[in-house]
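This report refers to the structure that appears directly beneath it.
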Amino acid sequence: MSRENLEIVKLAYEAFARGGLARYMCHFTGDIDYRAVETAPDDHGPIAGKDAFRAWLQDWIDMFDEFKMEPLELIDAGEKTVVVAERYGGRAKLSGIDMHSTVWIVLTIRDGKLAHGREYPSREQALEAAGLGG
């Protein structure tokens with residue numbers, strides 16, 4: 001099951017790269033529960049449901065020309081959990097500066113879709129949250 005979950009996450013990122021946000025969203029449950037890095041400047045608190053998650057992502061996409069997000073590393077964290085190092089960014093529309101960041105995300109898979117996600121600023125924090133230690 002774990003290898004299958006890694007493939008589910010990989011396919012979601014491939015869908016975004018090839019088909020944009022609409023194709024990416026097909027890989028999430030309707031009741032997705034997501035949270036950006038807590039206390040980060042862009043932290044809006046819990047993001048509940050597919051519509052809210054889509055709107056949050058669209059805000060990010062709208063800030064950049066050619067916004068990209070890609071997995072740098074996928075870690076099997078057990079039966080239904082995957083840890084992802086995600087690189088995201090592009091050319092900022094307001095400044096014209098290329099900006100990229102990396103965030104660590106702990107994702108939970110349910111019935112073949114992404115159902116829960118929490119972002120962390122470091123690999124150690126994400127691994128600890130996923131029960132893999134630091």
Side-chain angles (χ1 to χ4, degrees):
M1 180 67 114
S2 296
R3 186 171 298 285
E4 181 180 315
N5 289 337
L6 292 173
E7 188 64 20
I8 288 167
V9 174
K10 182 180 173 190
L11 288 173
Y13 279 97
E14 288 174 359
F16 183 82
R18 293 185 182 145
L21 186 57
R23 294 227 5 232
Y24 183 62
M25 292 308 301
C26 293
H27 294 269
F28 291 85
T29 62
D31 64 345
I32 177 70
D33 171 29
Y34 198 86
R35 180 78 190 253
V37 176
E38 288 188 49
T39 70
D42 65 328
D43 178 23
H44 298 285
I47 301 165
K50 208 172 198 177
D51 290 339
F53 185 61
R54 180 185 297 112
W56 176 77
L57 281 173
Q58 188 64 58
D59 285 347
W60 272 102
I61 293 166
D62 291 345
M63 287 190 287
F64 295 91
D65 289 320
E66 299 178 24
F67 179 83
K68 294 180 182 177
M69 52 184 200
E70 60 185 342
L72 299 176
E73 183 178 3
L74 299 174
I75 300 168
D76 175 5
E79 187 176 325
K80 60 182 181 173
T81 305
V82 174
V83 178
V84 181
E86 176 190 290
R87 183 174 190 256
Y88 64 93
R91 182 175 298 277
K93 287 182 179 179
L94 292 177
S95 68
I97 297 172
D98 275 334
M99 299 174 52
H100 293 88
S101 287
T102 301
V103 66
W104 289 84
I105 308 168
V106 177
L107 293 168
T108 304
I109 314 300
R110 185 179 74 230
D111 299 327
K113 295 199 176 208
L114 306 174
H116 183 269
R118 291 292 181 272
E119 294 182 358
Y120 297 91
S122 73
R123 183 179 206 274
E124 293 74 24
Q125 288 171 310
L127 292 176
E128 184 175 328
L132 298 178

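Along the sequence shown, residues carry numbers from 1.
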Report task. Would you please test Val84 and Met69 for side-chain contact (heavy atoms from CB on, under 4.5 Å) and show each step? Result -> CA-CA 11 Å; Val84 181; Met69 52 184 200; over 6 Å; no
Requested in this report: Under the side-chain contact (heavy atoms from CB on, under 4.5 Å) rule, what do Thr29 and Leu114 come out as? Steps first, then yes or no, please.
Outcome: CA-CA 6 Å; Thr29 62; Leu114 306 174; over 6 Å; no
Report task. In sequence, state the C-alpha distance, the side-chain angles, and the governing distance for Leu127 and Trp104, and then conclude on side-chain contact (heavy atoms from CB on, under 4.5 Å). Result -> CA-CA 9 Å; Leu127 292 176; Trp104 289 84; 5.8 Å; no
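Residues Gly117 and Leu107 come closest through the heavy atom pair CA-CD2, 3.9 Å. Scanning both residues, Ala15 and His27, for their nearest heavy atoms gives CB-NE2, 3.5 Å. Nearest approach of Cys26 to Lys113, heavy atoms of both residues: O-NZ, 2.9 Å. Closest heavy-atom contact between Thr108 and Thr81: OG1-OG1, 4.4 Å. Annotation for Ala126 and Val106: closest pair O-CG2, 3.4 Å, computed over non-hydrogen atoms. Heavy-atom minimum distance, Val37 versus Pro121: CG1-CD, 3.8 Å.
The closest side-chain heavy-atom distance from Glu70 to Phe16 is not below 4.5 Å. Contact check for Ile75 versus Arg123: side-chain heavy atoms found under the 4.5 Å cut-off.
A distance of 9.5 Å separates CG of Leu74 from CD of Glu7, quoted to the nearest 0.5 Å. Remark: Tyr24 OH to Arg18 CZ distance equals 15.0 Å, nearest 0.5 Å. Between the CD atom in Glu86 and the CD atom in Glu119 there is a gap of 7.0 Å [rounded to 0.5 Å]. One distance of note links CZ of Arg23 with CD of Glu14; it measures 10.0 Å at 0.5 Å rounding. Rounding to the nearest 0.5 Å gives a distance of 11.0 Å between NZ of Lys80 and CG of Asp111. How far CG of Asn5 is from CD1 of Ile109: 5.0 Å, rounded to the nearest 0.5 Å.
Within a 6.0 Å radius of NZ in Lys68, no more than 12 heavy atoms belonging to other residues, nucleotides or ligands are found. When the shell of 6.0 Å around CG of Leu94 is examined, it contains 12 or fewer heavy atoms from other residues, nucleotides or ligands. For NZ of Lys10, the number of neighbouring non-hydrogen atoms (other residues, nucleotides, ligands) closer than 6.0 Å is 12 at most.
Between the side chain of Arg91 and the backbone N or O of Gly96, at least one donor-acceptor pair lies under 3.5 Å.
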Just list the side-chain donor-acceptor pairs under 3.5 Å for residues 48-64, sequence neighbours left out, or say none.
from, atom 1, to, atom 2, distance (Å)
Lys50, NZ, Met25, O, 3.1
Lys50, NZ, Phe28, O, 3.2
Asp51, OD1, Arg54, NH1, 3.1
Gln58, NE2, Asp62, OD1, 2.7

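Cluster annotation: Leu21 and Val103 are assigned to the same hydrophobic cluster (Ile/Leu/Val/Met/Phe/Trp/Tyr, side-chain heavy-atom contacts under 4.5 Å, transitive). Follow the hydrophobic side-chain contacts under 4.5 Å out from Ile97 and you reach Phe67 in the same cluster.
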